[in-house]
Amino acid sequence: MEALDAYEQAGSDASYIAGGQSLVPALALRLQAPDVLIDIAHIPDLRGIELKGNWLRIGALTRHAEVLAHPLIRQHAPLYSDAAPHVAHPAIRNKGTLGGSIAHADPASEFPAMTLALGAELEIANRNGTRRVAADAFFVDLFQTAIEPGELLVAIHVPVVNANHRWAFHELARRRGDYALVGCGILADVIDGAIAQIRIVFFSVGNTPVRAAKAEHALIGRVIDADAIAAAQAAVIHDLDPPEDENVPPAMRRQLARVVLGRLLGDIARQAP
Amino acid sequence: MTAITALDRPNSYIGRSVPRPNAKRLLAGRGRYVTDIVLPRMLHGAYVRSPYAHARIVAINADEARAAPGVRLVAIGEDLAKLCTPWVGTMDHFKGMKSPPQLPLPIDKVVWAGQAVVAVVADTRALAEDAAELVAIEFDELPAVVDIDAARGPDAPVISPELGSNLCFHGKIDTGGVEDVFAGAAHVVEEEFLFGRHTAVTMEPRAIIADYDASEPKLTVHHATQTPYQFQDIYARHYGIPEACVRVIAPDIGGSFGMKLHMYHEDMAVVGLSIMLERPVKYVADRMESFVSDIHARDHRVRARMAADADGNILAMDVEDVTGIGAFSAYPRTSVVEGNQVYRLMGAPYTFKNYRADLQVVFQNKVQMSQYRAVGHPVACTVTERLVDMIAAKTSRDVFDIRSGNLIPDDAYPCASPTGYKFESLSHHACLAKIRALMDYDGLRAEQAALRKQGIHRGIGIASFVEITNPSPAFYGVGGVRISSQDGAIIKITPSGDVRCLISITELGQGTETIVGQIVAEHLGVDRERIKVITGDTETTPHGGATYACRGAGIGGETALQAAKKLKANVLAVAAAILQDEPDRLDMEAGWIVDAASRQQRIELAEIARIAYFRSDTLPPGTQSQLSVAHHYAPEGYPFAFTNGVQACHLELDVETGFVKLLKMWVVEDCGRVINPLLVDEQIRGGVVQGLGAAFFEECTYGDSGQLTNGSLAD
Ligand SMILES: Cc1cc2nc3c(=O)[nH]c(=O)nc-3n(C[C@H](O)[C@H](O)[C@H](O)COP(=O)(O)OP(=O)(O)OC[C@H]3O[C@@H](n4cnc5c(N)ncnc54)[C@H](O)[C@@H]3O)c2cc1C
């Protein structure tokens, strides 16, 4: 791909720019000052949304506004659709891209967390070809992913939801469009009324989107009733290690996470079998 | 069918919700803000700012910056001090008030983090910013004065040693008898209140272009400000340029809220930079710079007590306010006004007689603090109303009931507050009754009780307030500050019978030009579309105070009204000469001179104008038509026009998360005669939203070393 060659030529001081909704503010604040910007917004390979068997392929350049409205995403990767109204504001959603949000990997962002909750795989290209990385291995640290310098995120592949799946999304933000204080998305596989598999992912609680493994474990094999919810809430406290923050101390984030988890599990329990 | 009212007459605009004529232009993207203005040979300024809240400037090395691409000038404090005389932000009637002299850029010391130290002027803003990064400043950090108590401590470092202490002003009010009343009162409530710093965050940031032309000489400043005349005066005096040669133009303004009427160091420097370069220089504060250089407001710690008898009748208040204002008092309006209004508006809606208050205004190493929308009111209102609610709780009285028992009766005016404010006519009880009905208070209380049983927590709050508006010369003028309390208008009839009105109040997006057009159109009996209102240019409009403290309608509107009446008399005099009639038997309506009694059309205004301008030879001898008038007006008598109102709030609290959901707000405000209900609604809505922001979301927070810790909208 031409863009990969351009990066190679520019040396290390280049940056890809997609929607520019994270990069341009960073440039304006002089937090980043790359010599070369490589505009990837018009690469056809990075576009398009299509169903391929049991996988939905979403091109990295898909705008937030398209995520919000696209029927295939609503049907097959509904956590993205549920999260999209909470991502920024319409003007930003018209420019910002799903790939950009995932590559940027802001721990307070909705889409990276939903990528993890959906169990997606990320298709990454370099000059030697492409590879697919599972979301569980993709988010490495603060603003750090499996994408190596010079590599491009091409597409997001989402295993489509089926009739057994239940899901729910909620976030607590002080104003709509603000980054959340705590947010969470859940995808559960419910067989015969009991949880067969579940992915519970929090955002805004650490350096990366965080899977709540202990809470998930507390729910496997159980019917979601008041006891199960209480058990998951008790466990989730130990899943999270929120950063020190003067305005939102860790104890407050844990409390908010507990409340959000309880409400989301309640939603899932109420969804028709 | 509804009955015909005065509003159904032609050209009856006062009291009507007419839209703003400039709204369409701004929506169409045809606004012309300072940032839109590009002048030939224009350069751009950027500043190197202090990373320290308090430090000595040891050395500045700008060689690399001077050699950088596109750089035309790098200027430091000494360079500008040669051109600009220092300014001091004090007012005479704040007895004992002190403030150090200020210069555009500091010479030996920085006093807040973010203070501009070095100016870089280049061909573009980007080049200027690139070069600014190359300036090396060596600082010797000094202990920062951050906390208001530490600032007054015996060992506190003194920011301006020549002043002897960090106390800018100490004010006291005492009616006497307060101790005795408190000692004998059945109930005493007491609370400490902390009000964080706020800042305006206007959509359009501060922006200025200074254009000095040495050939005349002449200084033209395109300035995003609400008060061009005040800045004309300041630039003329501090740069030694005759006032007549200084022109300040305020084009479209994207919000101001009081923030754009203070002297900012960067802005003063830009004038000097243009003088040094003899070229136009533009400077626009970016959002980060706005946070560390626009004035902040509030920053008060209030300790207050209220005494009441056994029935909940309020007897006295005792208040101590300490407020931190930055390292000096702002110029030219000072940084004491807010504290002054806090301790004088305290308790203002109520009848009690005994009041004591102590105000300390303290220097600290932070951004300067000064007037911002609703100066002092949120502080005074919060403290008073909270204490009133506490008395209500102690005496088991309902929040409405306690207020109707204590608010000044509607028939008690004129009267004065214990703090010395003179009220001409207020209407607390009428407002209270109205809001109670509007919100269905009893219904809400019943609903609240029912929902509480289901675990739903709803809250209902009310607050009465008095608002200080329309200052007379008794304020700035008597204080020795060259800020006009009068305004001026020039109105003329054009040869086609259209009207142009040049007026000294300014348009900041709130609709000044709209209401002036309404007033003039109604009184001259012409269509609003035929009136052009011109504001914001000292070269063309008469001198005046411009727009602040709600004076646009109150003083500017009255000026326009009187000017229109004067012009109407002139028009009717000419018409009478032409029609061989008496002026007082004629009137103006729908672009015609009409018979005052029958409303029959006699002659078109355009025809009068045509004859007056082109065929004066056909007029009776000795008729000299005066189809332009100039008129000035300043308020007399009461030093301020006080208004009042009450607000109510209904909200739901999520007790698991602490999140608050606002359900509804009600506002009843007695603002006098409403000129344009639409604009009044906009003002109230905007004010409520701004207030909610202040109550729930906003605060400029500082770290221990005096760094602003949330200086961007992303924090
Ligand atoms: C006011 C405001 C509010 C916002 N609120 C929210 C919010 O509530 N929630 C939220 O999640 N986000 C929010 N955002 C961020 C927004 O969602 C961004 O659009 C998104 O994070 C980045 O997408 P982009 O296409 O704009 O990426 P860019 O800004 O163009 O790029 C961001 C980074 O990702 C890299 N990159 C982009 N695309 C690729 C790719 N295909 N492969 C490899 N690297 C790539 C770039 O090199 C850059 O380093 C907000 C932004 C703004 C300005």
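Note that these values count all heavy atoms, side chains included, but never hydrogens, waters or copies made by symmetry. A, B, ... follow the sequence lines: proteins, then strands. Residue 1 opens every chain.
Heavy atoms closer than 4.5 Å to chain B are found nowhere in A:A108, neither backbone nor side chain. For B:D286, no part sits under 4.5 Å from any heavy atom of chain A, backbone or side chain. If you measure heavy-atom distances from A:L256 to chain B, the contacts under 4.5 Å come from the side chain alone.
In this structure, A:N247 CG and B:D715 CG are separated by 10.0 Å, a value rounded to the nearest 0.5 Å. Here B:N710 contributes atom CG and A:E246 contributes atom CD; the two are 9.5 Å apart, rounded to the nearest 0.5 Å.
Within a 6.0 Å sphere centred on CG of A:D178, heavy atoms belonging to other residues, nucleotides or ligands number more than 12. The environment of A:E244 atom CD is sparse: at most 12 non-hydrogen atoms of other residues, nucleotides or ligands sit within 6.0 angstrom. By the 6.0 Å contact criterion, NE2 on B:H457 is enclosed, its count of non-hydrogen atoms from other residues, nucleotides or ligands being greater than 12. Environment of CG in B:D704: sparse, with no more than 12 heavy atoms of neighbouring residues, nucleotides or ligands closer than 6.0 Å. No more than 12 heavy atoms of other residues, nucleotides or ligands sit less than 6.0 Å from atom CD of B:E64. For B:R452, the CZ atom sits in a packed shell: over 12 heavy atoms of surrounding residues, nucleotides or ligands are nearer than 6.0 Å.
Note: B:T657 leads B:T701, B:V660, B:T657 in heavy-atom pairs under 4.5 Å with chain A. For the set A:A33, A:A173, A:G262, the entry with the most heavy-atom pairs within less than 4.5 Å of chain B is A:A173.
A:V259 has its side chain out of reach of B:F659: every pair of non-hydrogen atoms, C-beta onward, lies at least 4.5 Å apart.
Of the charged side-chain nitrogens involved, at least one lies within less than 4.0 Å of a carboxylate oxygen, so that B:E129 and A:R30 count as a salt-bridged pair.
Taking the ring centre of B:F697 as origin, the terminal cationic atom of A:R175 falls inside the region bounded by 6.0 Å and 45° from the ring axis.
At distances below 3.5 Å, at least one donor-acceptor pair connects side-chain atoms of A:Q255 with backbone N or O atoms of B:E656.
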